[in-house]
Amino acid sequence: MGEVGPSFVEKLRLTHYPMPPSSIRVVFDGGLGPSCDVETLTIYLKEVSDPDVLEFDYRHEVEHILSHPRDIANTFKVFYYGLKRCSDKELWKALFHRFHNAACDILINHKIAQLYEGAKRGLGKTLERLKGKALDPIVEAVAKAARHSLKGRWMKGLPRSEERLTLKLFEELKNHYRSGSGPGQGDLRVPFSLRKVAAAGAELVEEGEDPDEVVAAIVAFAASCGEEVAEKEVVEKLEEAYVWQLFEWSWKLAEDIKVGVEGFRELYDLWRPGEPVERMLVRETLLSYGCIVPGHNTLKRIEIRWSKHRPRREREGANVAILLDASGSMNDCNGLKARVARDAAISLIGACGRHGYPVKVIVFDGGVDWYTGWREDHYRLALELLRRYRAGGGTNIVPALEVLARGMRPKATIYLISDMEIYDVRKSASRWSHLARYEPRVVVFLIGTRVGEVLDVLEQAGIRDIRGYALKPSEYKVLREKAVKELPV
């Protein structure tokens with residue numbers, strides 16, 4: 001190929017920003033090029049004599065990997081966004097990958113046309129070759145947007161986000177395929193990975209999406225990728241991914257919990273004429289320079305204030321007991337209270353796992369729904385909580401406190417997470433008095449109600465170390481954050 005062979009491609013790699021990693025391979029294959037395989041990080045190019053066209057093909061495929069990757073998790077999120085909003089769900093499932101690829105192509109073409117003059121010329125030459133040809137409607141839409149990019153402007157009416165652009169193209173062009181024309185040759189797809197898609201689904205659930213809708217979307221997305229997965233398997237993977245997501249969040253937050261420590265540091269500085277003579281360090285100046293030139297090399301000592309951060313430590317180790325309300329009132333706000341309480345408990349379990357703290361969980365409603373002993377298999381415990389926690393029934397904390405008292409450990413930290421619509425809350429005072437003998441630290445989170453009455457009961461029972469928070473259901477992230485930060489680390 002001469003001028004436009006592998007050596008030319010290497011020059012392109014060195015001038016691309018950011019520079020593509022050396023792990024990306026370039027293969028000249030007329031049957032596959034131009035395309036890319038994001039699983040093996042391989043770019044396939046056709047052998048062409050025009051360096052501008054080769055530059056356009058190369059930079060376009062590199063951007064698919066660097067900026068708009070055909071990552072399966074990201075692709076699923078785009079699929080889910082459109083599935084909820086499109087006017088024809090079955091056609092969306094059938095043609096999604098074509099429209100998503102087209103949206104990525106439009107975004108990439110615009111970017112490289114503005115950054116690389118050679119790629120811009122190559123794009124123009126590629127469009128010239130398409131003139132007068134009968135093009136698939138999707139290809140024509142990409143070409144039309146590219147013509148605007150060559151003029152240095154974004155095509156009016158097109159969204160700039162990947163999700164909205166994919167949906168826009170679908171809604172505008174779907175009738176061409178309803179009329180009988182085929183979808184055309186698809187681009188390369190990323191191999192389906194249930195683990196990665198479940199992780200993306202867990203992020204959507206954490207953002208407030210309905211878990212059942214996410215599960216159904218994962219099953220449909222797998223089918224669009226040519227894979228068949230059972231709904232039960234999807235539910236299990238989604239639950240596992242959700243727990244890991246909360247664990248990773250709590251681990252990061254636990255590492256950031258620090259307190260400031262201030263002090264002074266002694267340094268050398270320049271002594272100048274007019275300053276007190278006794279501050280000049282004659283000996284140190286002579287040892288350092290061999291002579292004394294006042295105001296030029298004379299030394300003195302100064303102190304500067306400094307600060308650093310160290311991990312906060314309140315107790316040597318910790319035992320953490322979680323009292324979690326599962327009464328019917330927790331289903332208020334469309335179940336948001338229950339989800340907030342459950343996720344805060346799971347985040348706490350994750351943070352305890354980070355530090356190796358034993359955890360005891362007691363879920364109560366009118367009685368004790370279920371409970372555990374002191375456990376250190378934190379991931380299994382969190383997964384069990386996620387699968388078993390269901391809100392319903394009355395509210396009575398007394399049986400939960402009786403269970404906690406059996407096997408209670410000294411100086412443990414007790415978390416109470418509830419909306420505390422408890423009948424005769426003061427009846428629990430005697431149980432709290434029994435627990436007070438163990439000198440516990442009690443942290444109370446009340447969702448959507450005032451915390452004063454409960455704290456009064458705890459104080460009268462002899463609990464000395466008490467923290468109380470009253471939060472709205474919508475402040476679920478604040479609840480999780482405060483719960484983890486109250487953990488003795």
Side-chain angles (χ1 to χ4, degrees), residues 4 8-9 12 15-17 30 32-36 43-70 75 78 82 86 92 95-179 181-189:
V4 290
F8 178 73
V9 171
L12 296 178
T15 58
H16 201 91
Y17 183 80
L32 294 175
S35 65
C36 67
I43 294 173
Y44 298 97
L45 300 174
K46 287 185 178 180
E47 295 187 0
V48 294
S49 57
D50 192 324
D52 292 336
V53 173
L54 182 63
E55 179 175 353
F56 166 70
D57 290 342
Y58 171 82
R59 296 197 190 280
H60 183 93
E61 301 306 328
V62 164
E63 287 298 324
H64 267 305
I65 296 174
L66 295 181
S67 299
H68 292 276
R70 311 287 176 87
T75 302
V78 179
C86 68
W92 174 263
L95 298 179
F96 162 73
H97 291 282
R98 285 295 324 277
F99 285 106
H100 180 228
N101 288 340
C104 289
D105 286 343
I106 290 173
L107 292 166
I108 290 170
N109 287 343
H110 184 75
K111 178 179 180 178
I112 63 177
Q114 314 311 312
L115 291 179
Y116 309 104
E117 196 60 36
K120 181 178 180 180
R121 293 193 298 268
L123 175 59
K125 292 173 182 178
T126 301
L127 293 175
E128 281 295 322
R129 294 204 306 268
L130 296 178
K131 277 188 177 179
K133 294 183 178 180
L135 301 177
D136 177 89
I138 293 179
V139 176
E140 177 57 44
V142 174
K144 184 177 180 181
R147 294 187 188 101
H148 285 77
S149 297
L150 286 177
K151 298 175 182 177
R153 62 175 183 264
W154 181 256
M155 184 174 172
K156 189 177 180 180
L158 285 186
R160 289 181 180 265
S161 75
E162 197 172 314
E163 297 90 346
R164 295 173 57 207
L165 181 54
T166 303
L167 182 60
K168 173 84 171 179
L169 293 173
F170 173 81
E171 294 295 347
E172 288 186 351
L173 301 176
K174 63 186 178 184
N175 291 329
H176 290 281
Y177 301 102
R178 281 178 169 167
S179 62
S181 57
Q185 180 63 41
D187 217 338
L188 291 177
R189 300 178 185 178

For side chain to side chain contact (heavy atoms under 4.5 Å, CB included), just list the numbers for E117 and D52, CA-CA rounded to whole Å, side-chain angles, deciding distance to a tenth of an Å, and then say yes or no. CA-CA 9 Å; E117 196 60 36; D52 292 336; over 6 Å; no
Derivation and outcome, side chain to side chain contact (heavy atoms under 4.5 Å, CB included), residues K46 and L54: CA-CA 8 Å; K46 287 185 178 180; L54 182 63; over 6 Å; no
I would like to know whether L95 and Y177 meet side chain to side chain contact (heavy atoms under 4.5 Å, CB included); could you show each step before the answer? CA-CA 9 Å; L95 298 179; Y177 301 102; 3.7 Å; yes
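The two residues Y17 and Y116 have their closest heavy-atom pair at N-OH, 3.2 Å. Smallest separation of non-hydrogen atoms from E162 and L107: CA-CD1, 4.1 Å. Closest heavy-atom contact between A103 and L165: O-CD2, 3.6 Å. Here the closest heavy-atom approach between residue P137 and residue L173 is recorded as O-CD1, 3.8 Å. When every heavy atom of A113 is checked against every heavy atom of K120, the shortest pair comes out as O-CD, 3.5 Å. The shortest heavy-atom contact between E55 and G118 is OE1-CA, 3.4 Å.
Scored by the salt bridge (charged side-chain N to carboxylate O under 4.0 Å, His left out) test, K131 finds E128 as partners (sequence neighbours excluded). The side chain to side chain contact (heavy atoms under 4.5 Å, CB included) check on T15 picks up R59, with sequence neighbours excluded. In this structure E171 satisfies the side chain to side chain contact (heavy atoms under 4.5 Å, CB included) test together with C86, S87, L167, K174, sequence neighbours excluded. Under the side chain to side chain contact (heavy atoms under 4.5 Å, CB included) criterion, V62 pairs with H16, P20, I43, Y58, L66, not counting sequence neighbours.
Looking at D105 and H60, their side chains do bring a donor and an acceptor atom within 3.5 Å of each other.
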Contacts under 3.5 angstrom, residues 145-155 side chains, donor-acceptor by atom type, not counting sequence neighbours:
| residue | atom | partner | partner atom | Å |
| --- | --- | --- | --- | --- |
| H148 | ND1 | K144 | O | 3.1 |
| S149 | OG | H110 | ND1 | 3.0 |
| S149 | OG | A145 | O | 3.3 |
| W154 | NE1 | L158 | O | 2.7 |

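Atom CG of D57 and atom CG of D50 lie 10.0 Å apart (nearest 0.5 Å). Rounded to the nearest 0.5 angstrom, S161 OG and K168 NZ are separated by 12.0 Å. Atom OG1 of T166 sits about 11.5 Å away from atom NE2 of H97, to the nearest 0.5 Å. The line from CD1 of I106 to CG of N101 is 11.5 Å long, rounded to the nearest 0.5 Å. Atom OG1 of T126 sits about 9.0 Å away from atom CG of N109, to the nearest 0.5 Å.
Residue pairs meeting the ring-ring contact (aromatic ring centres under 6.0 Å, His included) criterion with at least one member in residues 118-138: none, sequence neighbours excluded.
Relative orientation of the H100 and F96 rings is parallel, given thresholds of 30° and 60° on the angle between their planes.
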